[in-house]
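Have a look at the structure below before the remarks.
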Amino acid sequence: MRIEEAIKQVSFRNDHHKAAVNLLYTYNMVSGAIQKILNEEGLTMQQFNVLRILRGQHPGPATNSLIRERMIDKNSDVTRIIDRLLKSGHVKRSLCRKDRRRVDIVITEKGLDALSRIDKRNDELDSIMAALSEEEVKVLNGLLDKLRDGGGDQAMS
C-alpha cells in the first residue's frame, strides 16, 4: 500500500519529506510486528536488544557503557532496562573483581532460554520483510546505510 493511502495524505512537502514519513510509518509497522512476538516473552524491544548484546558477550560480562554503545535505540535508559531485566531474572549484576568501580552484567540461563525461544521464531521474524526479494533487501540495506552515512544521525542529535 502506498504511503498516501496508508495515512490518507495526498501531498507532501517534497519527496524527501515523503520518504521520511514513509520510513517512520514502516518502522512502526515492523517494530509492532516484532513487539508482538516479544510480548509473549514479556520483553520490550530495548530489553531484547540488551539480551542479544549480552548473549554476544556470553559467558563474559558486559558493562553499562558497552551495552549503551551497542544499543540500536541510542536514547534508551540502559540502567533502567537492566534493572527490569534483573528483577525478571534475565540478567545478573555484580561488582568487577579487577575494578571495584565497574559493574559487570551477564545474561542468565533464563535470559538465554528466552532468546532461544525467540530464535525458534526467526522465520516468522524474517517474514516481516517477505514482500522484498533478496536483491531488494540488499538494495534497501545499502540505502539505509547510505542514509545514516549522509548525516541523518547528526541531524537528529
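What you are looking at is a predicted structure, and each value in this text was computed from that prediction instead of being measured.
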Between R121 and E40, does the side-chain contact (heavy atoms from CB on, under 4.5 Å) criterion hold? Intermediate values first, please. CA-CA 12 Å; R121 299 181 73 177; E40 293 178 27; 2.7 Å; yes
Looking only at heavy atoms, which two atoms of P59 and V106 are closest? And how far apart? O-CG1, 4.3 Å
Is a donor on one side and an acceptor on the other found under 3.5 Å between the side chain of E136 and the backbone of S133? yes
For T26 and N22, indicate whether the former's side chain and the latter's backbone hold a donor-acceptor pair under 3.5 Å. yes
Between CZ on residue R55 and CG on residue L51, distance to nearest 0.5 Å: 9.0 Å
Scan R52, M45, Q47 and name whichever one has a side chain to side chain contact (heavy atoms under 4.5 Å, CB included) with N49. R52
Interatomic distance, S65 atom OG to R70 atom CZ [nearest 0.5 angstrom]: 10.0 Å
Does E4 reach the side chain of Q9, with side-chain heavy atoms less than 4.5 Å apart? no
On a heavy-atom basis, the closest approach of S31 and N28 is OG-O, 3.4 Å
T79 vs N64 side-chain heavy atoms within contact, under 4.5 Å: yes
I'd like to know if D104 pairs up with R102 as an ion pair, taking the criterion as any Lys NZ or Arg NE/NH1/NH2 lying under 4.0 Å from an Asp or Glu carboxylate oxygen. yes
Heavy-atom side-chain contact between L43 and H90 under 4.5 Å: yes
From K36, E41, Q35, residue fulfilling side chain to side chain donor-acceptor pair (under 3.5 Å) relative to N39: Q35
Drop me the distance from I81's CD1 to Q46's CD, to the nearest 0.5 angstrom. 5.0 Å
Within a strict 4.5 Å, meaning less than it, do heavy atoms of the K18 and R2 side chains meet? yes
To the closest 0.5 Å, what do you measure between CD1 (I3) and OH (Y25)? 6.0 Å
Which value, rounded to the nearest 0.5 Å, describes the distance between I53 atom CD1 and H58 atom NE2? 15.5 Å
Same hydrophobic cluster for M29 and I7, using side-chain heavy-atom links shorter than 4.5 Å among ILVMFWY? no
If you group Ile, Leu, Val, Met, Phe, Trp and Tyr by side-chain heavy-atom gaps below 4.5 Å, do I72 and I67 land in one group? no
Closest heavy-atom pair and its distance - T108, G89: OG1-O, 2.6 Å
Within this structure, what is the NZ-CG distance for the pair K138 and L132, rounded to the nearest 0.5 Å? 13.0 Å
Do L147 and V21 belong to the same hydrophobic cluster, where Ile, Leu, Val, Met, Phe, Trp and Tyr are linked whenever their side-chain heavy atoms lie under 4.5 Å apart, directly or via other members? no
Is it true that a side-chain atom of R148 and a backbone atom of L144 form a donor plus acceptor pair closer than 3.5 Å? yes
Same cluster or not: F12 versus L24, using hydrophobic residues (I, L, V, M, F, W, Y) connected whenever any side-chain heavy atoms lie under 4.5 Å apart? no
Partner of I105 under side chain to side chain contact (heavy atoms under 4.5 Å, CB included), picked from V91, L66, V50, is V91
How about CD on E5, more than 12 heavy atoms from neighbouring residues, nucleotides or ligands closer than 6.0 Å, or not? yes
Under 4.5 Å between any side-chain heavy atoms of L125 and I34, yes or no? yes
Is a salt bridge present between D73 and R68, judged by a nitrogen-to-oxygen distance below 4.0 Å? no
Counting N and O atoms only, with roles assigned by atom type, does the side chain of N14 sit under 3.5 Å from a partner on the main chain of H17, one being a donor and the other an acceptor? yes
